[in-house]
Amino acid sequence: MNYLDELNEAQRAAVEYMDGPSLVIAGAGSGKTRVLTYKIAYLLEHGAKASEILALTFTNKAAREMKSRVEHIVGPDTAKYLMMGTFHSIAARILRREADQIGFTSDFSIYDTADMHSLLRLVLKERGLDEKSYKPAVVLGIISDCKSKLITPLQYAQDNDFAKRDKMAKMPFMPDVYSDYQKRLRSANAMDFDDLLTNLYYFLRDHHEKRREYQQRFQYVLVDEYQDTNYVQFLLVKMLAEPQNKICVVGDDAQSIYSFRGADIRNILGFQRQYEDAKLFKLERNYRSTRTIVGAANSLIHHNGDQIYKEIYSEKEQGEPILLTSYPTDRDEAEGVVREVRRLNRPLPGQKSYSLNQMAVLYRTNSQSRTFENELRKYGVPYRIYGGTSFYQRKEVKDAIAYFRLVINNRDWEAMARCISVPARGIGDVTIRKIREEGFDAIAHRNKPVLHFVEMIRGFEEMAYTVDAYTFAERVLRESGLLMAMDADKSPEGVDRKQNVDELLAGIHEFVELRREVGEEAHISDFLSEVSLLTDQDEKQKDDTARLTLMTVHAAKGLEFPIVFVVGMEADLFPSSYSKGPRELEEERRLFYVAITRAMERCFLSYAGQRFRNGNVNLTNPSPFLQDIDAQFIHREMANHTSGFGPMSTFAPHPMAPKTPTAGMSKLHSGAGETVHALKGTGFRNGDRVRHKVFGEGNVIRVYEQSDNEKIDILFDSVGQKTLLLTYAKLEKI
DNA sequence: GTAAGTCGTGTTTTT
DNA sequence: CACGACTTAC
């Protein structure tokens, strides 16, 4: 086959080697996916059976993409036998098959974050523990951390260091909490995400025959994004690849950005120590970006210590320098970026034009998207935000799915709690607790609503395996009263929620149809086992309007855009204020590296002198990372206050400023010491002495007004070292 | 038992 | 600001 000609020397060497363990260090934009897909094709051509190949990814999207690309080369008939998927989905698939051997049924539920949260709260309540010291997010974090390191509740209880740490954190009963939590999961016939991995590991470790069977089956093991594996994933991969160790891991230590989720960069750094005969392939040629972008990224990442040495290079043109712009406020930043987007989208004659699809705005935190949304809406620029709460995490969708879950696994208490309370059917917390303690039967005969509920679910159970998933879902949601309750809610959010549930039903319908085409009938349980691991933000777009992409840097990993804006380049934001330690700082730097290397042609960086955060205006400093990029690649500029008032130094009223006060002004009280929201209007006059909530005192130099969005800017004299230009802040008069 | 009002807290998040 | 958890009032 001539596809090997499409590979460079390093890529080709990596593709052709499969006699033993190999590590492919794939720099950003170096054709990593290409190597993986061609490698699979190559294996298939050289005698491997599709079913012998196990390929593990981190996202469903990555798995789908790789599968479709392999399919393209070897054809669907071969490709369909490949074992390809995320760690979690492959683990779930095996565990469902072997469930009875470890005390679960094959219909076990998979608990997502919301379920885990509510289960934990139940455990805490039962133990009479205070959620102030046992913060659920923290506790779940500790538990997850333990699981990814294969520390059982028993081991946890015997560990003195943990005991000491928990005592300091005022959580002495952590071992009990952990243990209760696990017991509850088991009795609910449920696993959380981490359990999928640990349970599979323990199962294979303890069942020699089964282990040998799977080891035999998976002759070749390939792992994508290896830098993001945690300890249990490392062990699983290692175990499955034994004894022949035909294992190939692909990754980039410079793009390891998930250590906060348990990923251990040492897995990739130590691979060659783990397998002493491992071959190392480095893909250093970048096919994505200009030399400037690659050079800038290199200069940045070289400030990190621990890494596998490599020098990424590009053979493309030098390209434009990275433009670094400083703005007075976050709003100005958003406006400036939107202005640039529009300019690039609809350029002057003779200049290159870019579709909105070719541009992306990347930020550190989701909350930064709002400012951009406002500006984009103002100018009617179509955009699309990735991330946030995904479809299947939405309350209304979870409520609907809870019915299916409960019918399939009637020990799933979290699902039950949801079903019972939506729609409201006169069963409250007290009754739910009683049911939990005494069981349904004890309560049902003396409680009408409960009896009715039980009978309803029983009725659904009869249907579950006799009708297809769609018919089932539709009837359950209708007969449970959920659809009717949702129709009754005429509020805009309510209508929105109904739409989401309708979309869920449509999705189930599509699922059933797809299965039907292959001649299978899909039951609701089939849908459930597929959907429980789809946290995936639905890719499919309603129309083909070109849209500007907005997303976090994390979400951007693996993607590329001709034009990339990395915004909010400020200290305590990027790098995050939570990342003060050297290790954390290095991870943030890698994150910035990921951000820059998304850009193919042009990269814009920006920061604002002050930023509205958590209801306050904060003065900011430029990100220290900006110093890490070699100055030769950067061009700096300072933008004026662009919000429509003219330059900062001019105090003359803007021609567009309204002559009369803006709406809401009369409502405002601004007595001494009273907190006011400048957003709603301003009771301030030029020359007022004011105290800002965070930064002390100053004189009001000028009050600007703007009619179109009811936002008021107030320019102050020096507060600390800076002049504040407040757009929406809490102020006190003094 | 439910619906409206106050309080407090606040990264990133492939599964 | 903006959301979720808790408290208060029906």
Side-chain angles (χ1 to χ4, degrees), chain A residues 56-64 85-92 110-114 116-118 121 131-132 135-137 140-141 144 147-148 191-197 224-225 227-230 233 255 257-263 330 362-368 370-371 374 386-390 392-393 395 420-432 449 531-537 551-559 568 572-580 584 587-588 590-592 594-595 611-617 677-680 727-730:
Chain A
L56 297 164
T57 63
F58 275 79
T59 64
N60 295 306
K61 208 174 101 195
R64 267 198 306 270
T86 64
F87 274 90
H88 297 267
S89 69
I90 299 283
I110 296 173
Y111 276 12
D112 72 5
T113 324
M116 290 156 72
H117 201 83
S118 97
R121 295 188 58 196
E131 278 187 39
K132 287 225 166 66
K135 289 200 174 115
L140 285 173
S144 172
K147 289 186 185 177
S148 71
M191 300 187 194
D192 67 16
F193 289 135
D194 297 307
D195 288 337
L196 292 172
L197 304 177
D224 190 17
E225 306 280 17
Q227 76 281 358
D228 290 331
T229 50
N230 62 28
Q233 287 166 329
Q255 293 184 68
I257 55 173
Y258 281 103
S259 77
F260 71 95
R261 299 245 327 127
D330 50 346
L362 309 183
Y363 34 77
R364 178 66 240 268
T365 64
N366 277 311
S367 60
Q368 287 168 259
R370 182 163 250 97
T371 332
N374 290 339
Y386 284 77
T389 35
S390 79
Y392 293 105
Q393 314 252 56
K395 246 182 270 130
I420 279 190
S421 39
V422 253
R425 48 168 57 82
I427 307 173
D429 286 350
V430 186
T431 316
I432 293 179
V531 92
S532 48
L533 289 168
L534 278 190
T535 317
D536 219 351
Q537 47 239 343
M551 61 177 133
T552 64
V553 182
H554 282 91
K557 195 169 98 166
L559 305 178
D572 294 331
L573 180 60
F574 200 173
S576 153
S577 54
Y578 292 80
S579 306
K580 294 290 186 197
E584 288 84 4
E587 174 144 325
E588 294 280 324
R590 291 193 293 269
L591 191 58
F592 188 29
V594 168
R611 178 169 298 275
F612 189 64
R613 261 223 278 189
N614 305 129
N616 290 314
V617 174
H677 294 260
L679 172 67
K680 299 230 170 76
T727 43
Y728 21 54
K730 286 179 182 167

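Given the structure is predicted, the values throughout are model-derived calculations rather than measurements. By convention in this document, chain letters (A, B, ...) are assigned in the order of the sequence lines, proteins followed by strands, and residues within each chain are numbered from 1.
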- Query: Are OP1 or OP2 of B:dG1 and a side-chain N or O of A:Arg425 less than 4.0 angstrom apart?
  - Reply: no
- Remember a base hit wins even if backbone is also touched, and classify A:Leu573 as base, sugar-phosphate or nothing at under 4.0 Å, heavy atoms. nothing
- Task: Just call it for A:Arg370: base, sugar-phosphate, or nothing, with non-hydrogen atoms closer than 4.0 Å on any strand.
- Result: sugar-phosphate
- Note on the structure: From the list A:Leu196, A:Asp228, A:Thr229, side-chain contact (heavy atoms from CB on, under 4.5 Å) partner of A:Phe87 resolves to A:Thr229
- How close or far is atom C1' of C:dA5 from atom NZ of A:Lys395, stated in whole angstroms? 12 Å
- Heavy atoms under 4.0 Å, any strand shown: does A:Arg121 hit a base, just sugar-phosphate, or nothing? sugar-phosphate
- Query: Under 3.5 Å, is there an N or O donor on one side and an acceptor on the other linking the side chain of A:Arg261 and the base of B:dT15?
  - Reply: yes
Dump every N/O contact between nucleotides 8-10 of chain C and the protein below 3.5 Å, one line per pair.
none

- Item | Non-hydrogen side-chain atoms of A:His88 and A:Phe193 separated by less than 4.5 Å | yes
- From the list C:dC6, B:dG1, B:dT13, which nucleotide is the closest neighbour of the side chain of A:Glu131? C:dC6
- Task: Would you check if A:Arg425 and A:Pro449 make a side-chain contact, meaning some heavy-atom pair closer than 4.5 Å?
- Result: no
- Considering only side-chain heavy atoms of A:Asp228, which listed nucleotide, C:dC6, B:dT15, B:dT14, is closest? B:dT14
- Message: Is B:dT11 syn or anti, taking syn as a glycosidic angle within 90° of 0?
- Response: syn
- Would you mind classifying the nucleic acid contact of A:Tyr258 as base, sugar-phosphate or nothing, using non-hydrogen atoms under 4.0 angstrom? base
- So, is A:Thr431 near the phosphate of B:dG1, with a side-chain N or O under 4.0 Å from OP1 or OP2? yes
- Can you tell me the distance, in whole Å, between the CD atom of A:Glu225 and the P atom of B:dT15? 12 Å
- Between A:Ser89 and B:dT15, does any side-chain N or O lie under 4.0 Å from OP1 or OP2? no
- Task: Treat primed atoms plus P, OP1 and OP2 as sugar-phosphate and everything else as base, then score nucleotides 3-11 of chain B 5' to 3': B for base contact with protein heavy atoms under 4.0 Å, S for sugar-phosphate contact only, - for none.
- Result: -------BB
- Can you tell me the distance, in whole Å, between the OH atom of A:Tyr386 and the P atom of B:dT14? 14 Å
